[in-house]
A.B. asks: 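Encoded as structure tokens, here's the structure I'll be asking about.
Just so it is clear: chains get the letters A, B, ... in the order the sequence lines come, proteins before strands, and each one is counted from 1. Values in this document were obtained by computation on a predicted structure and should not be read as measured data.
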Amino acid sequence: AQTVTQSQPEMSVQEAETVTLSCTYDTSESDYYLFWYKQPPSRQMILVIRQEAYKQQNATENRFSVNFQKAAKSFSLKISDSQLGDAAMYFCAYRVNSGYALNFGKGTSLLVTP
Amino acid sequence: NAGVMQNPRHLVRRRGQEARLRCSPMKGHSHVYWYRQLPEEGLKFMVYLQKENIIDESGMPKERFSAEFPKEGPSILRIQQVVRGDSAAYFCASSQTSGSWEQYFGPGTRLTVT
């Protein structure tokens, strides 16, 4: 069974600063995808960034980047130049390439202070 | 292009009643996934459907829950004889193919059982 662990229930960052959210996962598969989803108070799930396990290069989307350590099964999300609109729950998720079900962690609540 | 539509957004049911949750996938998408989010938890996969077929219902509770995706019309998640423990947010996602890396999520239906 695949499990996704987010060890930080809550994180806080000041506006314009950088914050890193942690995620580890457990799998015996070699071909999979990893995702970070954002869930603002509206509860809409928004895809922030994805990483294919076969790619060594870390994914980047504007202010969002990941640190993917395949051997350590670690997939952290770095948010640079934090903005008030970044405040939300952030979920790490995993999906095996041959499958379809997303496995989510319990989430990290990010607070952004002015 | 309209996104994934779910209705109702909020649903209140008394114990023992039936709950029907509807999901209209994105245009051109024929694969639908249902997830449940219990309070303080991440999303959990429930069922995967294609038009007129249930592909995988391994995450569905064995009793009282059923899902369908007819040839015409939205996908329906039905919960019979609801209990307080069914209170949760139910999310629907859709994709163009089963191998698509991205699942597009709807805004969710928050079910409250009183």
A.B. asks: Rounded to the nearest 0.5 Å, what's the gap from OG on A:S109 to CD on B:E40? Could you check?
C.D. replies: 9.5 Å
A.B. asks: Give, as side chain, backbone, both or neither, the part of A:R50 having an atom under 4.5 angstrom from any heavy atom of chain B.
C.D. replies: side chain
A.B. asks: Going through the checks in order, is the side chain to side chain contact (heavy atoms under 4.5 Å, CB included) test met by B:F105 and A:Q44?
C.D. replies: CA-CA 7 Å; B:F105 281 85; A:Q44 178 74 52; 4.2 Å; yes
A.B. asks: Sort by residue number and list every member of residues 106-114 of chain B having a non-hydrogen atom under 4.5 Å from chain A.
C.D. replies: B:G106, B:P107, B:G108, B:T109, B:R110
A.B. asks: Is it the case that atom NZ in A:K78 sees more than 12 heavy atoms from other parts of the structure closer than 6.0 Å?
C.D. replies: no
A.B. asks: Is it true that, when you exclude A:D31 itself, more than 12 heavy atoms of the residues, nucleotides or ligands shown sit nearer than 6.0 Å to its CG?
C.D. replies: yes
A.B. asks: May I ask you to decide if A:Y100's main-chain N or O and B:Q103's side chain share a donor-acceptor pair within less than 3.5 Å?
C.D. replies: yes
A.B. asks: So does B:R15 have more than 12 non-hydrogen atoms from other groups sitting under 6.0 Å from CZ?
C.D. replies: no
A.B. asks: Which region of B:Y104, side chain (C-beta onward) or backbone (N, CA, C, O), has a non-hydrogen atom less than 4.5 Å from a non-hydrogen atom of chain A, or is it both or neither?
C.D. replies: neither
A.B. asks: Decide whether B:M5 and B:I76 are clustered together by the hydrophobic rule: side chain heavy atoms of Ile, Leu, Val, Met, Phe, Trp, Tyr closer than 4.5 Å, transitively.
C.D. replies: no
A.B. asks: On a heavy-atom basis, which atom in A:A101 and which in B:F45 lie closest, and how many Å separate them?
C.D. replies: CB-CG, 3.6 Å
A.B. asks: Is A:F104 reachable from A:Y33 through a run of I, L, V, M, F, W or Y residues, each pair having side-chain heavy atoms under 4.5 Å apart?
C.D. replies: yes
A.B. asks: If Ile, Leu, Val, Met, Phe, Trp and Tyr residues are connected whenever their side-chain heavy atoms lie under 4.5 Å apart, and connections chain through other members, are B:Y48 and B:L43 in the same group?
C.D. replies: yes
A.B. asks: Check the surroundings of atom NZ in A:K106: do more than 12 heavy atoms from other residues, nucleotides or ligands lie under 6.0 Å from it?
C.D. replies: no
A.B. asks: Is B:M46 linked to B:L38 within one hydrophobic cluster, defined over Ile, Leu, Val, Met, Phe, Trp and Tyr using a side-chain heavy-atom separation of less than 4.5 Å?
C.D. replies: no
A.B. asks: Quick one: which residues of residues 58-71 of chain B reach chain A at under 4.5 angstrom, heavy atoms only?
C.D. replies: none
A.B. asks: Measure distances from A:L102 to the heavy atoms of chain B and classify the residue's part below 4.5 Å as side chain, backbone, both or neither.
C.D. replies: both
A.B. asks: Can you confirm whether B:Q17 is buried at CD, in the sense that more than 12 heavy atoms of other residues, nucleotides or ligands lie under 6.0 Å from that atom?
C.D. replies: yes
A.B. asks: With a 4.5 angstrom heavy-atom cut-off, is it the side chain or the backbone of A:E52 that approaches chain B, or both, or neither?
C.D. replies: neither
A.B. asks: Quick one: CZ on A:R43 to CD on B:Q6, what's the gap to the nearest 0.5 Å?
C.D. replies: 9.0 Å
A.B. asks: Should A:M45 and B:V32 be counted in the same cluster of Ile, Leu, Val, Met, Phe, Trp and Tyr side chains packed under 4.5 Å apart?
C.D. replies: no
